[in-house]
Amino acid sequence: MLFVHEVHQVVGAKEDEFEALFRDQWMPTLAQDDDARLLWYMNHAHGSGPAYNVVTITGVRDGAAWQRVDERLRTGDLRDWVSAVDACRHDVTAKVMLPVHWSPIQDVEFADVPTDGREHELHLFMEDTGWPTSSLDEYIQAWDDIYRQPLLAYADDMRAIPIDIQACFQNAHGSSVRREAMLWQYIPDPATVVHLISTDLPIERRAPGTYMYDALAFRDQWKSRLLRTAAWSPLY
Amino acid sequence: MLFLHETHLVAGYHEDDFEAWFRERWMPVLGEGDDARLLWYLNLAHGSSWSYRVVTITAVRNGAAWERLARRIQSGDLQDPMRELDTYRHDVTGKVLVPLPWSPLADVELASVPTDGAAREPVVYMEDTMWPFANRFADYIEASGKVYAKSLEHHDTGAPRFLEIEGGFQPAFGSHLRREVMLMQRILDVDRLQGLLTSDIPPEMRAPGTWMHDALSLRDRWDSKLLRTAAWSPFPTEVGDAAEPYAERATAERHRPGEVV
């Protein structure tokens with residue numbers, strides 16, 4: 001399965017129109033066949049980064065299905081839809097991603113993805129994108145070894161998980177930057193993020209043997225986005 | 001057909017290793033199958049922009065072939081070779097392109113693409129990337145074919161041609177920016193570059209009715225790269241006077257003593 005990640009720079013005055021185009025047209029149109037589904041529609045939380053940014057992730061069954069969707073957008077039945085979307089955004093930056101070998105999400109069962117716009121609580125995600133100085137493969141492995149596994153062990157002990165890593169992706173060849181990977185993390189308790197923002201990291205949490213220290217062997221550049229699901233986002 | 005466009009930030013010390021990897025590994029490996037072929041290997045001319053930049057364009061048969069290639073690189077037989085390549089470059093930025101409706105290059109007979117590294121005369125391209133205004137994307141795509149590409153033929157004046165558009169492309173769904181157009185333009189007369197670089201554009205060439213003027217309603221931002229093919233680059237395919245095997249002339253041509261940029 002391929003995951004198309006898009007960052008939309010939305011025209012502020014048209015944010016509702018933009019959202020409606022995805023909710024009322026893109027999501028149900030994709031649902032008419034088996035090639036793709038809109039999975040997440042996320043608003044970049046105001047006050048935490050660029051204004052009026054929306055992130056969408058669309059699951060696409062395979063490369064052949066991706067090509068069919070591309071052709072529909074350029075010359076087929078979705079051409080008018082994408083023109084309407086273009087009128088509501090300054091631009092969009094995109095990449096096609098593949099799940100890494102240890103990613104909890106590898107495939108999505110399309111039949112289980114809601115397409116009716118049903119509403120739910122808003123959920124907060126932290127999307128971390130990192131650019132390693134080590135090899136890409138070593139970085140991806142380290143994320144599992146020294147980040148995810150300790151988090152899972154902590155969750156076992158405490159019977160609560162502060163950060164739920166739902167997926168980890170790398171870019172498909174030729175689609176974007178090569179040396180990059182992304183963690184897709186659900187934050188069950190937003191207080192976790194508030195604490196992270198408002199508290200210095202104590203020295204013992206960044207000493208040798210901690211993730212913060214040891215991960216420097218692989219990278220020191222990453223970027224976090226705090227993304228809030230729309231009330232109707234199919235996955236949340 | 002899909003075209004993978006990659007801009008490589010090459011590690012200067014490793015530029016020869018980097019080029020050899022593409023010539024001796026990537027090109028022949030792709031040549032063993034039917035999914036893809038390396039078309040162009042181009043050096044961004046030193047002195048014209050960034051240092052140590054290489055642009056490669058790889059043709060891929062379709063979406064299914066692209067996914068196969070991506071998975072071979074992620075976890076298959078090409079994972080280790082790609083990891084080796086990463087040691088020769090700082091990074092690479094890629095985008096998947098599809099041909100514009102009017103593009104001269106729309107399909108490639110993959111079996112006909114050379115994979116033998118035969119030497120050819122270097123060719124210089126001007127790769128122009130444009131970012132049309134928000135509501136003029138489709139108009140720009142159409143005008144770039146109907147007006148700009150036609151104007152380069154100089155049918156009205158009979159003047160010799162300077163540029164020839166070999167391909168026009170836009171990013172495919174989910175790759176890079178949406179509102180972008182790229183033109184792969186071969187420079188037919190390199191000597192005329194000097195005039196372009198050293199002369200102002202005369203008022204009559206940017207007056208109403210000219211492309212320079214009228215296209216401002218469609219876009220006013222673009223970026224030009226001056227790219228020179230490596231001697232062994234599969235495209236362009238014609239073989240000139242320099243048709244001896246690459247290895248026999250590589251050393252003499254690539255390491256001229258005292259040549260400093």
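Because only heavy atoms are used, hydrogens play no part in the values below, and waters and symmetry mates are left out as well, while side chains stay in.
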Side chain, backbone, both or neither: which part of B:Leu69 has a non-hydrogen atom closer than 4.5 Å to chain A?
-> side chain
Is there a side-chain contact between A:Arg178 and B:Glu6 (heavy atoms, below 4.5 Å)?
-> no
Of B:Gln74, B:Arg83, B:Met82, which is the lone residue that meets side-chain contact (heavy atoms from CB on, under 4.5 Å) with A:Asp137?
-> B:Arg83
Any donor-acceptor N/O pair, B:Thr93 side chain to A:Ser176 backbone, under 3.5 Å | no
Toward chain A, the part of B:Leu2 with a non-hydrogen atom under 4.5 Å | side chain
Ignoring hydrogens and angles, tell me if any N or O in the side chain of A:Arg179 forms a donor-acceptor pair with the backbone of B:His90 under 3.5 Å.
-> yes
For residues B:Ala172 and A:Trp66, report the shortest heavy-atom separation together with the two atoms involved.
-> CB-CZ2, 3.6 Å
Would a line drawn from the ring center of B:Trp26 to the ring center of A:His173 be shorter than 6.0 Å?
-> yes
Audit row: A:Val92, B:Leu177, side-chain contact (heavy atoms from CB on, under 4.5 Å) steps and yes/no = CA-CA 6 Å; A:Val92 57; B:Leu177 296 174; over 6 Å; no
Assess whether salt bridge (charged side-chain N to carboxylate O under 4.0 Å, His left out) is satisfied between A:Asp86 and B:Arg179, documenting all intermediate values.
-> CA-CA 9 Å; A:Asp86 281 344; B:Arg179 200 164 51 241; 5.0 Å; no
Part of residues 4-39 of chain A lying next to chain B, heavy-atom separation under 4.5 Å = A:Val4, A:Glu6, A:Trp26
Side chain / backbone / both / neither for A:Arg68 at chain B, heavy atoms under 4.5 Å | neither
Chain A contact via B:Ala138 - side chain, backbone, both or neither, heavy atoms under 4.5 Å | side chain
